[in-house]
Colleague: 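Please see the structure below; I have some questions.
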Amino acid sequence: MDYYYLRELEGKKAHDPLFIETMNNKKTSTLSDHRCLWIPGPLIIGAGPSGLAVSAYLKQKGVPSLILERSNCIASLWKLKTYDRLRLHLPKQVCELPLMSFPIGFPTYPTKQQFIEYLENYSKNFDIRPWFNEEVKNAEFDEKVGFWRVRSVGKGGMVSEFVCRWLIVATGENAEAVVPEIEGVGEFGGIIKHSSFYKSGEEFRDKKVLVVGCGNSGMEVCLDLCNHDVATSIVVRDSVHILPRDVLGKSTFGLSMWLLKWLPVYLVDHILLIVSWLMLGDTARFGLDRPRLGPLQLKNMSGKTPVLDVGALAKIKNGEIKVRPGIKRLKRKTVEFVNGRTENFDAIILATGYKSNVPYWLKDKDMFCKEDGYPTKPFPNGWKGENGLYAVGFTKRGLLGASIDAKRIAEDIERCWIVEAKHTTPFALLLPQYTS
Ligand SMILES: Cc1cc2nc3c(=O)[nH]c(=O)nc-3n(C[C@H](O)[C@H](O)[C@H](O)COP(=O)(O)OP(=O)(O)OC[C@H]3O[C@@H](n4cnc5c(N)ncnc54)[C@H](O)[C@@H]3O)c2cc1C
Ligand SMILES: NC(=O)C1=CN([C@@H]2O[C@H](COP(=O)(O)OP(=O)(O)OC[C@H]3O[C@@H](n4cnc5c(N)ncnc54)[C@H](OP(=O)(O)O)[C@@H]3O)[C@@H](O)[C@H]2O)C=CC1
Ligand SMILES: O=C(O)C(=O)Cc1c[nH]c2ccccc12
């Protein structure tokens with residue numbers, strides 16, 4: 001380990017209230033497994049693209065940082081929780097992380113494997129070495145001493161407490177799967193899994209599968225299932241905007257951004273809807289009603305991403321993918337829909353989305369909303385809170401939003417790094433619990 005700036009202050013912390021609390025929870029192991037570490041630079045939680053981007057930016061400015069990551073690798077969402085056929089659905093220009101371009105040969109929409117390769121090279125290039133298998137369970141600002149205390153649980157139940165001046169939340173918008181409660185789940189008897197566990201339709205060849213949810217995941221999982229000769233249906237409980245991914249060989253996203261330079265968002269939405277109608281037809285005819293608000297206005301207001309179609313709609317049109325209403329309840333290998341109809345299925349894929357996990361572990365007053373775990377201030381102001389707390393990657397604007405946050409955070413920390421870093425170490429060493 002070359003984290004020369006980390007100092008293990010003490011091994012055993014029997015007198016520390018935080019550790020006594022974890023002991024009482026009986027979730028962790030014996031006292032000798034506790035350690036306490038002082039981090040002179042920023043502590044980043046999460047080694048996804050956002051955590052890597054902010055760490056790289058900080059490094060470029062001469063500010064060392066440490067990343068804690070709950071899984072055993074960088075980019076765990078991309079490596080462990082996505083399906084095989086996944087590609088970026090926005091053009092590569094807006095998916096690059098700061099300070100390092102994609103290789104020249106990358107296609108407009110890099111594959112999942114290419115993106116992962118790029119992220120691996122990115123961390124090597126900036127010599128980013130997260131601490132893996134460290135799941136952050138608690139973080140709070142200690143008013144008395146003016147530092148953040150972050151508690152994580154590592155492999156074998158080892159509890160660590162990190163003390164730092166700057167805390168950067170990079171745990172992402174997709175930290176936990178949203179799994180709806182469905183009546184009769186226990187009776188169903190077939191496979192039920194969230195889309196984050198879905199890899200390929202191969203597993204379901206010649207079976208009958210119901211996909212719940214018609215966001216980008218649901219639509220792409222359906223397409224993949226069809227391509228593996230699976231009889232596929234999709235639950236569409238509400239309205240949805242479907243746009244072609246490309247228009248005349250150019251990305252719809254790129255075209256929208258260009259139009260937004262000259263036109264108000266409602267006009268751009270009109271153009272997008274006309275283009276979609278010309279290219280895809282009237283989606284309502286196939287059971288996919290459009291929301292009242294246009295796709296970009298809806299994205300801006302609620303964060304709901306339009307589906308960028310890569311072929312599922314054609315299969316809905318030709319009847320290969322069947323559209324079904326919401327689920328009422330499940331019975332043995334049977335689904336009862338809200339319209340009263342029942343149908344047999346072998347498996348159900350829940351493409352029902354994701355949520356932030358910040359409220360579970362971060363005790364802060366008002367930077368993050370307790371309900372949805374996103375910063376309360378809307379983009380572009382959600383990146384900075386009080387007492388050295390920051391958020392990267394909660395903009396509902398994908399990788400581009402994360403890069404924008406990362407830059408702002410690194411510049412902000414750089415401003416006080418040189419002054420503050422000099423003075424903080426002696427304070428930490430004076431904390432009674434580290435010296436007694
Ligand atoms: C299937 C899919 C495809 C996508 N495609 C695109 C695309 O093409 N373009 C685009 O711009 N965006 C896309 N997105 C949006 C996506 O949010 C970003 O691509 C990107 O992964 C976000 O990076 P992140 O670092 O903020 O979050 P993540 O990639 O989710 O990384 C967060 C990390 O934090 C870790 N973590 C969470 N909680 C803790 C904890 N308590 N302690 C320690 N570690 C923790 C996680 O294990 C994870 O490694 C896609 C999302 C999904 C789900
Ligand atoms: N190629 C790519 O780059 C891909 C990118 N992504 C991105 O990943 C993120 C997550 O996408 P995704 O996983 O699709 O999640 P989303 O949150 O975008 O979509 C979830 C869908 O599930 C529906 N849903 C939720 N609960 C229920 C329920 N109980 N019954 C029926 N339907 C339900 C929602 O409907 P409702 O709207 O009614 O709540 C919505 O249609 C997005 O940002 C997306 O753009 C995902 C896949 C591929
Ligand atoms: O992949 C996502 O979910 C994103 O948030 C990327 C994104 C940002 N703005 C958009 C507008 C239309 C489609 C996707 C996005």
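Both counts, for ligands and for their atoms, begin at 1 and track the order of listing.
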Colleague: For ligand 2, note which part of Tyr83 has a heavy atom under 4.0 Å away: side chain, backbone, both or neither.
Modeller: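 It is the side chain that touches ligand 2; the backbone stays farther off.
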Colleague: Is it true that Glu173 and Lys396 have a side-chain N and a carboxylate O under 4.0 angstrom from each other?
Modeller: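 Here Glu173 does not pair with Lys396 in a salt bridge, since their nearest N and O are not under 4.0 Å apart.
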Colleague: Counting each atom of ligand 1 from 1 as listed, which ones have a heavy atom of Gly46 under 4.0 Å away?
Modeller: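 Within the 4.0 Å cut-off of Gly46, ligand 1 contributes 33 (C), 34 (O), 35 (C).
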Colleague: Would you say Asn216 has any N or O atom under 3.5 Å from an N or O of ligand 2, going by distance alone?
Modeller: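 There is such a contact, yes.
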Colleague: Report, in ascending order of atom number, the atoms of ligand 3 lying under 4.0 Å from any heavy atom of Phe253.
Modeller: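 It comes down to these atoms of ligand 3: 9 (N), 10 (C), 11 (C).
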Colleague: Which residues satisfy the side-chain contact (heavy atoms from CB on, under 4.5 Å) test with Asp238, sequence neighbours excluded?
Modeller: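 Residues passing side-chain contact (heavy atoms from CB on, under 4.5 Å) with Asp238: none at all.
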Colleague: Polar-atom distance check: Arg70 versus ligand 1, any N or O pair below 3.5 Å?
Modeller: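 Yes, there is a polar N/O contact under 3.5 Å.
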Colleague: Just jot down the ligand 1 atoms closer than 4.0 angstrom to any heavy atom of Gly172, in number order.
Modeller: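 Taking each heavy atom of Gly172 in turn, ligand 1 has 26 (O), 27 (O) under 4.0 Å.
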Colleague: Within the structure, does Lys299 bring an N/O atom to less than 3.5 angstrom of an N/O atom in ligand 3?
Modeller: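 Among all N and O atoms of Lys299, at least one is under 3.5 Å from an N or O of ligand 3.
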Colleague: Specify the protein heavy atom at minimum distance from atom 35 (O) of ligand 2: its residue, its atom name, and the distance to 0.1 Å.
Modeller: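 Residue, atom and distance for the closest contact: Arg237 NE, 3.8 Å.
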Colleague: Please list, in number order, the atoms of ligand 1 under 4.0 Å from a heavy atom of His89.
Modeller: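 Answer for ligand 1: 7 (C), 8 (O).
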Colleague: Which atoms form the tightest heavy-atom contact between Phe162 and Ser160, and what is the distance?
Modeller: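 Phe162 and Ser160 have their closest heavy atoms at CE1-CB, 3.5 Å.
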Colleague: Using only heavy-atom distances, determine whether the side chains of Thr334 and Thr342 contain a donor-acceptor pair under 3.5 Å.
Modeller: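 No, no side-chain donor-acceptor pair sits under 3.5 Å.
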Colleague: If hydrogens are left out, which of Pro325, Ser196, Cys95, Gly353 has an atom nearest to atom 16 (P) of ligand 2, that is, the closest non-hydrogen atom?
Modeller: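 Residue with the shortest heavy-atom distance to the ligand atom: Gly353.
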Colleague: For Glu134, counting its heavy atoms only, list the atoms of ligand 1 lying under 4.0 Å from any of them.
Modeller: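 So the atoms of ligand 1 that pass are 42 (N), 43 (C).
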Colleague: Using a strict 4.0 Å cut-off to heavy atoms of Glu220, name the atoms of ligand 2 that fall inside it.
Modeller: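 Numbered from 1, ligand 2 contributes 1 (N), 48 (C).
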Colleague: Pick, from Gly48, Ala175, Ser50, the option with the minimum heavy-atom distance to atom 24 (P) of ligand 1.
Modeller: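 Among Gly48, Ala175, Ser50, the closest heavy atom to atom 24 (P) of ligand 1 belongs to Ser50.
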Colleague: Main chain of Pro244, side chain of Thr252: is a donor-acceptor contact present, judged purely on distance under 3.5 Å?
Modeller: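 Yes: the side chain of Thr252 pairs with the backbone of Pro244.
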Colleague: Identify, for atom 35 (C) of ligand 1, the protein heavy atom at the shortest distance, and state residue, atom and that distance.
Modeller: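 Checking every protein heavy atom, the shortest distance to atom 35 (C) of ligand 1 gives Glu69 OE1, 3.3 Å.
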Colleague: Please check atom 20 (C) of ligand 2 for a protein heavy-atom neighbour under 4.0 Å.
Modeller: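 Given the 4.0 Å limit, the answer for atom 20 (C) of ligand 2 is yes, a protein heavy atom qualifies.
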Colleague: Considering heavy atoms of the protein only, find what lies nearest to atom 41 (O) of ligand 2 and give residue, atom and distance to 0.1 Å.
Modeller: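 I find the closest protein heavy atom is Cys214 N, 3.3 Å.
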Colleague: Just to be sure I read this right, does ligand 1 sit under 4.0 Å from the backbone of Arg87, its side chain, both, or neither, counting only heavy atoms?
Modeller: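 None of Arg87 does.
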Colleague: Closest approach of Ile409 and Ala391, non-hydrogen atoms and distance?
Modeller: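 Answer, listing the atom of Ile409 first, then Ala391: CD1-O, 3.5 Å.
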Colleague: Counting heavy atoms not belonging to Lys250, are there more than 12 under 6.0 Å from its NZ?
Modeller: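 Counting neighbours around NZ of Lys250, 12 or fewer heavy atoms of other residues, nucleotides or ligands fall under 6.0 Å, so no.
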Colleague: With heavy-atom distances below 4.0 Å as the criterion, list the atoms of ligand 1 near Leu88.
Modeller: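 Every atom of ligand 1 under 4.0 Å from some heavy atom of Leu88: 7 (C), 8 (O).
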Colleague: For the residue pair Ser239 / Arg290, report whether a side-chain donor-acceptor contact shorter than 3.5 Å exists.
Modeller: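 Per modelled atom types, Arg290 and Ser239 side chains form no pair under 3.5 Å.
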Colleague: What protein heavy atom sits nearest atom 13 (C) of ligand 3, and how far away is it?
Modeller: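 Nearest neighbour among protein heavy atoms for atom 13 (C) of ligand 3, to 0.1 Å: Thr305 CG2, 3.6 Å.
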Colleague: Side chain or backbone of Trp78 under 4.0 Å from ligand 1, or both, or neither, by non-hydrogen atoms?
Modeller: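 The side chain, only.
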Colleague: If the cut-off is 4.0 Å to any non-hydrogen atom of His89, which atoms of ligand 3 fall inside it?
Modeller: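 Result: 1 (O), 2 (C).
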Colleague: Give the residue and atom name of whichever protein heavy atom lies nearest to atom 16 (C) of ligand 1, and the separation in Å to one decimal.
Modeller: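 Here the closest protein heavy atom is Asn174 OD1, 3.6 Å.
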Colleague: Please identify which atoms of ligand 1 are closer than 4.0 Å to at least one heavy atom of Glu135.
Modeller: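 Every atom of ligand 1 under 4.0 Å from some heavy atom of Glu135: 42 (N).
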Colleague: Using a strict cut-off of less than 4.0 Å between a Lys/Arg side-chain nitrogen and an Asp/Glu carboxylate oxygen, indicate whether Glu203 and Lys193 qualify as a salt bridge.
Modeller: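 The answer is yes: the pair qualifies as a salt bridge.
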Colleague: Could you see which bit of Leu90 sits under 4.0 Å from ligand 3, with heavy atoms only: side chain, backbone, both or neither?
Modeller: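 It is the side chain that gets close, since no backbone atom is under 4.0 Å.
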Colleague: Could you name the option among Ala75, Ala406, Ala139, Gly398 that has the heavy atom nearest to atom 12 (N) of ligand 1?
Modeller: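 Ranked by closest heavy atom to atom 12 (N) of ligand 1, first place is Gly398.
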Colleague: Under a 3.5 Å threshold, yes or no: a donor from one side chain and an acceptor from the other, between Lys299 and Thr305?
Modeller: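 Yes, side-chain donor-acceptor contact under 3.5 Å.
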Colleague: Just heavy atoms, cut-off under 4.0 Å: does Leu86 contact ligand 2 by side chain, backbone, both, or neither?
Modeller: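 The side chain, only.
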Colleague: Below a 4.0 angstrom heavy-atom separation, can you tell me which part of Thr352, side chain or backbone, both or neither, approaches ligand 2?
Modeller: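 Answer for Thr352: both.
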Colleague: Which heavy atom of the protein is the closest neighbour of atom 11 (O) of ligand 1, given with residue, atom name and distance?
Modeller: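 Ranked first by proximity to atom 11 (O) of ligand 1 is Leu399 N, 2.7 Å.
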Colleague: With a cut-off of 4.0 Å, which atoms of ligand 2 are near a heavy atom of Arg87?
Modeller: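 Numbered from 1, ligand 2 contributes 1 (N), 2 (C), 3 (O).
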Colleague: Which of the atoms of ligand 1 are close to Cys95, meaning less than 4.0 Å from one of its heavy atoms?
Modeller: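 Counting atoms of ligand 1 from 1, those under 4.0 Å from Cys95 are 9 (N).
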Colleague: Would you kindly specify which portion of Ala170 sits under 4.0 Å from ligand 1, judged on non-hydrogen atoms: side chain, backbone, both or neither?
Modeller: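 Contact part for Ala170 vs ligand 1: backbone (N, CA, C, O).
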Colleague: Which heavy atom of the protein is the closest neighbour of atom 2 (C) of ligand 1, given with residue, atom name and distance?
Modeller: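 Answer, as residue, atom name and distance: Leu86 CD2, 4.5 Å.
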Colleague: Report yes or no: does a heavy atom of Gly326 sit under 4.0 Å from some atom of ligand 2?
Modeller: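 The answer is no: ligand 2 sits nowhere under 4.0 Å from a heavy atom of Gly326.
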Colleague: Could you tell me, atom by atom, which parts of ligand 1 come under 4.0 Å of a heavy atom of Ser76?
Modeller: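 Near Ser76, the atoms of ligand 1 are 46 (C), 47 (O), 48 (C), 49 (O).
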Colleague: How long is the gap from OH on Tyr83 to OH on Tyr198, to the nearest 0.5 Å?
Modeller: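 Atom-to-atom, Tyr83:OH and Tyr198:OH are 9.5 Å apart.
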Colleague: Counting C-beta onward and ignoring hydrogens, is there a side-chain heavy-atom pair between Leu58 and Ile168 closer than 4.5 Å?
Modeller: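 When only atoms from C-beta onward are counted, Ile168 and Leu58 do touch, with a gap below 4.5 Å.
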Colleague: Polar-atom distance check: Leu88 versus ligand 2, any N or O pair below 3.5 Å?
Modeller: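 Such a contact does not occur with ligand 2.
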Colleague: From the options Val136, Leu119, Asp405, Leu77, select the one whose nearest heavy atom is closest to atom 30 (O) of ligand 1.
Modeller: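 Comparing heavy atoms across Val136, Leu119, Asp405, Leu77, the nearest one to atom 30 (O) of ligand 1 lies in Leu77.
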Colleague: Do me a favour and list the nearest non-hydrogen protein atom to atom 10 (C) of ligand 2 with residue, atom name and distance?
Modeller: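 Answer, as residue, atom name and distance: Tyr354 CD1, 3.9 Å.
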Colleague: What's the shortest distance from atom 43 (O) of ligand 2 to any protein heavy atom, and which residue and atom give it?
Modeller: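 The closest heavy atom on the protein side is Thr305 OG1, 3.5 Å.
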Colleague: At under 4.0 Å between heavy atoms, which part of Asn357 makes contact with ligand 1: side chain, backbone, both or neither?
Modeller: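 The answer is the side chain.
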Colleague: Purely on distance, is any nitrogen or oxygen of Asn174 under 3.5 Å from one on ligand 2?
Modeller: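 Checking ligand 2 against Asn174, no N or O pair falls under 3.5 Å apart.
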Colleague: Can you tell me the protein heavy atom closest to atom 5 (C) of ligand 2 and the distance?
Modeller: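 Result: His89 CE1, 3.6 Å.
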Colleague: Using a strict cut-off of 4.0 Å, indicate which atoms of ligand 2 neighbour a heavy atom of Asp238.
Modeller: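 The list of qualifying atoms is 38 (O).
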Colleague: Can you check whether Val235 has an N/O within less than 3.5 Å of an N/O in ligand 2?
Modeller: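 No; every N/O pair is 3.5 Å or more apart.
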Colleague: Nearest to atom 12 (P) of ligand 2 by heavy atom, Ser217, Gly215, Pro180: which?
Modeller: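 Checking each option, the heavy atom nearest atom 12 (P) of ligand 2 is found in Ser217.
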Colleague: Where is the nearest protein heavy atom to atom 22 (O) of ligand 2: which residue, which atom, and how far?
Modeller: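 For this ligand atom, the closest protein heavy atom is Ala351 O, 3.2 Å.
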Colleague: Using distance alone, determine whether Lys304 and ligand 2 share an N or O pair under 3.5 Å.
Modeller: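 Between Lys304 and ligand 2, an N or O pair is found under 3.5 Å apart.
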Colleague: Any protein heavy-atom neighbour for atom 8 (O) of ligand 2 (distance below 4.0 angstrom)?
Modeller: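 It does not: no protein heavy atom is found less than 4.0 Å away from atom 8 (O) of ligand 2.
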Colleague: Could Lys92 and Glu96 be called an ion pair, given the rule that one side-chain N must be under 4.0 Å from one carboxylate O?
Modeller: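 Looking at Lys92 and Glu96, the cut-off is not met.
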Colleague: Using a 4.0 Å heavy-atom threshold (strictly under), name the region of Ile45 that reaches ligand 1: side chain, backbone, both or neither.
Modeller: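 For Ile45, only side-chain atoms sit under 4.0 Å from ligand 1.
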